[in-house]
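Remarks on the structure that follows.
All ligand and atom numbering here is 1-based and tracks the order in the structure.
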Amino acid sequence: MRFAAQRARMVGGQIKARGLTDKRLLAAFHKVERHLFVPEELQQEAYEDRPLPIGLGQTISQPYMVALMTSLLRLQGHERVLEIGTGSGYQTAILAELTLEVFSVERLPELLPAVKRRLDALGYFNVHLSPGNGSLGWPEFAPYDAILIGAAAPEIPAPLLEQLTDTGRMVIPIGSQSAQMLNEVEKRGGAIHRKEIASCVFVPLMGRYGWPLEGA
Ligand code: SAH
């Protein structure tokens, strides 16, 4: 298998060594071939400890950040998960490994055909993709047990909170357009509990409940 040694080094050195040791989580990162989710000319760099450009000004997140966000959702395998910001589809594939069903919304429709091809080829038939403004969530299939937002928001978009089950969990980078704090959000007994986890840098979540689109 191509890049198997690099992938094992990524899991050991970037994820496990930084304290994420859940066996199912590590198995998912061993299995999903990250190099298939980056442009061909960057495949050699796919297992490095950083985000990479995927075109249209967007990035595939750093492997550790994908692992950290995923771990905060504490998936057991039976959940329905909403992802906002499909991007390359790498985080989507990781979620598909760890749970029952994944719904993923991406603002840039041009990114989705490649994602669909990749996920189909890898046999992830529990993933549903949709173009659109993910700050509005995906009401049709709500509520979700977990919601992962892969782009930076000024605040938690209200529709996403509404689409979370009563015991649901959310991870979301909140802050300015240039730097954010990863927040873990938990709904319990009708109340919202928020915890700041780590500083991070994501591309902005665009549109209503995110950052206004220029000229819109
Ligand atoms: N986890 C992804 C990261 C993608 S980058 C990966 O590892 O590949 C963030 C993505 O969010 C970009 O593709 C961007 O187009 C998308 N995005 C930004 N604003 C959005 C919105 N309002 N709704 C849906 N997707 C959005």
Within the 4.5 Å heavy-atom criterion, are V185 and I192 side-chain neighbours or not?
yes
In terms of its nearest heavy atom to atom 10 (C) of ligand 1, the top option of P63, G89, G85, G134 is G85
Just let me know how R107 lines up against ligand 1, side chain, backbone, both or neither, with a heavy-atom cut-off below 4.0 Å.
both
Please identify which atoms of ligand 1 are closer than 4.0 Å to at least one heavy atom of S61.
1 (N), 3 (C), 6 (C), 7 (O)
If you define the side chain from C-beta out and look only at heavy atoms, does anything of I149 sit under 4.5 Å from V171?
no
Take atom CZ in R50; do more than 12 heavy atoms of anything else shown fall under 6.0 Å from it?
yes
At a non-hydrogen distance cut-off of under 4.0 Å, which region of L56 contacts ligand 1 (side chain, backbone, both, or neither)?
neither
Between R7 and Y47: side-chain donor-acceptor atoms closer than 3.5 Å
yes
Counting each atom of ligand 1 from 1 as listed, which ones have a heavy atom of L108 under 4.0 Å away?
15 (O)
Give the atoms of ligand 1, by number and element, whose distance to some non-hydrogen atom of I60 is under 4.0 Å.
6 (C), 7 (O), 8 (O)
Examine the proximity of ligand 1 to V203 and report which part, side chain or backbone, both or neither, has a heavy atom under 4.0 Å away.
side chain
Would you call D49-R18 a salt bridge at under 4.0 Å N-O?
yes
Residue pair A46 / L52: nearest heavy atoms and the distance that separates them:
CA-CD1, 3.9 Å
Has G132 got any heavy atom lying under 4.0 angstrom from an atom of ligand 1?
yes
Near L111, which atoms of ligand 1 are under 4.0 Å from a heavy atom of that residue?
13 (O)
Decide, yes or no, whether a salt bridge links R169 with E79 under the criterion of side-chain N to carboxylate O below 4.0 Å.
no
A student checking ligand 1 against T59 at a 4.0 Å heavy-atom cut-off should list atoms 3 (C), 4 (C), 5 (S), 8 (O)
Distance filter under 4.0 Å to P204 heavy atoms, resulting ligand 1 atoms:
18 (C), 19 (N)
Q91 neighbourhood, listing ligand 1 atoms whose heavy-atom distance to it stays under 4.0 Å
1 (N)
min-distance protein heavy atom vs atom 8 (O) of ligand 1 -> S88 OG, 2.6 Å
Quick test of your reading of the structure: of G150, G87, P51, whose heavy atom lies closest to atom 9 (C) of ligand 1?
G150
Restricting to heavy atoms, the pick from E106, R208, E83 nearest atom 13 (O) of ligand 1 would be E106
For I84 versus S135, what's the shortest heavy-atom pair and its separation?
CG2-N, 4.4 Å
Numbered in order shown, the ligand 1 atoms found under 4.0 Å of a heavy atom of V105 are 24 (C), 25 (N)
